[in-house]
Q: 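Below is the structure I would like to discuss, written out as structure tokens.
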Protein chains: 2
Amino acid sequence: MHSEIRSANQPKPSFIETARRAQIIDCAVEVIAELGFAQASLAQIAKRAGVSTGVILYYFAGKDDLIREVGVHVFTTGRSSIEPLVQQQLDARSALRTFIEASVAYIAANPKKVLAIMNILRAGRSDGGTLKIDPTVYQPRQIGFRNILEWGQRDGEFRTFSVAVMVETIVEALDAIPSQLAADPSLDLDAYAKELVELFDRATRADTPVQELRVR
Amino acid sequence: MHSEIRSANQPKPSFIETARRAQIIDCAVEVIAELGFAQASLAQIAKRAGVSTGVILYYFAGKDDLIREVGVHVFTTGRSSIEPLVQQQLDARSALRTFIEASVAYIAANPKKVLAIMNILRAGRSDGGTLKIDPTVYQPRQIGFRNILEWGQRDGEFRTFSVAVMVETIVEALDAIPSQLAADPSLDLDAYAKELVELFDRATRADTPVQELRVR
DNA sequence: CTAATTTCTGAACATGCATTCAGAAATCAG
DNA sequence: CTGATTTCTGAATGCATGTTCAGAAATTAG
């Protein structure tokens, strides 16, 4: 008899099961990054993994489920590499700078993962209703930036501006990087990060009081 | 006998031909904006236009050709409503501000057109090789911003920064608006434009010399 | 070793799509 | 009015894809 689709509350996911799932997710990431979301068929992913398409459907409830898990995987690893660095900052300006730098560093370290995610998200957004990835997966980043910006405004480090617009602008600036990097792998991401840090530092910081600028 | 596909150098495009083409393009814009690019089948577009799918293929060489013409149409009307305003500015800061304001105003006036274009471009970018729209159609905007930024740097109005990164950031900030507007039609675009103008003015402008800031 | 269970295969199926095309309908020319 | 041309139809075609499934192969349990 055939076993039912695995769900998370199953007693023991066997070793081979977790290994296969991870392998399939990795291959999905590569194919989606290299061929684009539209060309990333189950057949292509299966071929990359060296299995038949049936195996994918044996471990995942369907293509949408696989895509969802790819999203969770990438965002989870991203958060774990970025959030700790941000949380140990003592002021909002440093936190903003660190968040941007760490985000670019994560892109540099995982170009395929982030490109795959961007392809998925873009396809979802250009697709009308059928969102591929749950907002709770990618919204923490927006919330993180929002908290930092509100923090800085509260403390007077930042000027008054629309936090929503600023968050959107920052996130879009970061999300544009993966495809640029794919188009030109020699792109200097360190320099790119420095530019963004400077750009958004100037865009956010409060005007220095005039009296402090007086010379002598 | 069947007539061949029309090409631009044909002697006389009949009245009904240009009318049908325009009508089909308009319907394609609406369907792509409302349903998303992936769901925008020829059948849907034909249904919206009240014709059979064959008509679309009679006036356009294929779906790709239709999409391309949608892109040309939207970008052409956009340029004609933005460029004249920008060109009459006398300094780079004003030109940058005007470009951003006019871009947002065009979005406000043509929400479906710009959303459709964004859906097409996003689908193309998330798609790997198969770009839907020719770069010569959408690159003039980047070039326009680049020229303004280089102008401002040359004149000393702007500080030193990477023009490429700044252009990318500005364009992405603008391109994020249509989908936000679609998600929340009550979005205040005037306020949004003001925020972006202030943001990028601060991000680009040269540091005011200290002596000019001295009070009295 | 044998039987049960897990894992995997590959063909079959269903669906949606762009495109083709033979010919109908409408329009135009003379 | 009549024949030629333009415009349009809708069924047929071919293709790609996600999904199902009966059973083979491999692994594990006893």
Side-chain angles (χ1 to χ4, degrees), chain A residues 1-7 10-24 27-28 31-32 35-70 120 123 127-130 132, chain B residues 1-7 10-24 27-28 31-32 35-70 120 123-124 126-130 132:
Chain A
M1 192 192 301
H2 271 178
S3 60
E4 293 302 309
I5 297 287
R6 313 301 177 119
S7 57
Q10 211 89 0
K12 292 182 201 166
S14 70
F15 171 73
I16 187 166
E17 170 166 349
T18 55
R20 268 270 183 273
R21 286 177 66 95
Q23 177 203 12
I24 291 170
C27 292
V31 172
I32 295 170
L35 305 184
F37 184 77
Q39 322 295 334
S41 63
L42 289 184
Q44 281 290 335
I45 297 169
K47 183 181 170 188
R48 173 80 52 124
V51 297
S52 69
T53 71
V55 176
I56 297 178
L57 281 310
Y58 177 74
Y59 288 108
F60 298 90
K63 192 186 184 184
D64 288 356
D65 186 44
L66 170 60
I67 299 302
R68 224 173 338 221
E69 298 228 24
V70 168
I120 294 171
D127 185 339
T130 319
K132 315 288 183 187
Chain B
M1 193 192 299
H2 272 179
S3 59
E4 293 302 308
I5 296 287
R6 315 301 178 113
S7 57
Q10 210 89 0
K12 293 183 201 165
S14 70
F15 170 74
I16 186 164
E17 170 166 350
T18 55
R20 268 269 182 273
R21 287 175 67 95
Q23 177 202 14
I24 291 170
C27 291
V31 172
I32 295 169
L35 305 185
F37 184 78
Q39 321 295 332
S41 62
L42 290 185
Q44 281 290 336
I45 297 170
K47 183 180 169 190
R48 175 78 53 123
V51 297
S52 70
T53 71
V55 176
I56 298 179
L57 280 313
Y58 177 72
Y59 289 108
F60 298 91
K63 190 185 183 183
D64 288 356
D65 185 45
L66 170 60
I67 299 302
R68 225 171 338 217
E69 298 228 25
V70 168
I120 294 171
S126 71
D127 187 339
T130 319
K132 315 288 181 186

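Numbers restart at 1 for each chain; the letters A, B, ... are given by sequence-line order, proteins then strands.
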Q: Let me confirm one number: the NZ-NZ distance from Lys63(A) to Lys132(A), rounded to the nearest 0.5 Å.
A: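 Separation between the atoms: 7.5 Å.
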Q: Let me know the distance between CZ of Arg21(A) and C1' of dT6(C), rounded to the nearest Å.
A: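 Atom CZ in Arg21(A) sits about 15 Å away from atom C1' in dT6(C).
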Q: Verify the contact: side-chain N or O of Tyr58(A) to OP1 or OP2 of dC8(C), cut-off strictly under 4.0 Å; return yes or no.
A: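 No, because none of the side-chain N or O atoms of Tyr58(A) sits under 4.0 Å from OP1 or OP2 of dC8(C).
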Q: Quick one: Gln44(B) CD to dC17(C) P, roughly how many Å, whole number?
A: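 Rounded to the whole Å, the gap is 8 Å.
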Q: Short question: side chain of Gln44(A), backbone of Gln39(A) - any donor-acceptor pair under 3.5 Å?
A: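 Pair absent, no side-chain N/O of Gln44(A) close to backbone of Gln39(A).
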Q: What's the shortest heavy-atom distance between Ile24(B) and Leu66(B), and which atoms?
A: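 Looks like CG2-CD1, 4.0 Å.
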Q: In whole angstroms, how far is the C1' atom of dT20(D) from the CZ atom of Phe60(A)?
A: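 These atoms are roughly 18 Å apart.
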Q: Between C1' on dT7(C) and CD on Gln23(A), what's the gap in Å once rounded to a whole number?
A: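 My rounded result for the distance is 13 Å.
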Q: Once you round it to whole Å, what is the distance between P of dC17(C) and NZ of Lys63(B)?
A: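 After rounding, the reported distance stands at 8 Å.
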Q: Figure out the NZ/P separation between Lys47(A) and dA16(D), and round it to whole Å.
A: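 So the two atoms are 13 Å apart, to the nearest Å.
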Q: Measure the spacing between CD1 of Ile120(B) and CZ of Arg68(B) and express it to the nearest 0.5 Å.
A: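 The CD1 atom of Ile120(B) sits 11.5 Å away from the CZ atom of Arg68(B).
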Q: Between dC8(C), dT20(C), dG18(D), which one does the side chain of Val55(A) approach most closely?
A: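 So the side chain of Val55(A) is nearest to dC8(C).
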Q: Could you state the interatomic distance from CZ (Phe60(B)) to CZ (Arg21(B)), rounded to the nearest 0.5 Å?
A: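 With rounding to 0.5 Å, CZ (Phe60(B)) is 4.5 Å from CZ (Arg21(B)).
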Q: OP1 or OP2 of dT6(D) less than 4.0 angstrom from a side-chain nitrogen or oxygen of Arg20(B), does that happen here?
A: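 Arg20(B) to dT6(D) OP1/OP2: no side-chain N or O under 4.0 Å.
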Q: Rounded to the Å, how far apart are Leu57(B) CG and dT19(C) C1'?
A: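 Atom-to-atom, Leu57(B) to dT19(C), this comes out as 6 Å.
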Q: Does Tyr59(B) put a side-chain nitrogen or oxygen below 4.0 Å from OP1 or OP2 of dC8(D)?
A: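 Yes, within the criterion.
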Q: What is the separation between atom CG on Leu42(A) and atom P on dT20(D), rounded to the nearest whole Å?
A: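 Answer to the nearest Å: 11 Å.
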Q: Considering every strand and a 4.0 Å limit on heavy-atom distances, what is the contact class for Ser52(B): base, sugar-phosphate, or nothing?
A: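 The residue Ser52(B) makes base contact.
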Q: In terms of side-chain heavy atoms of Thr53(B), which of dC8(C), dT19(C), dG18(D) is nearest?
A: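 Shortest atom-to-atom distance from the side chain points to dT19(C).
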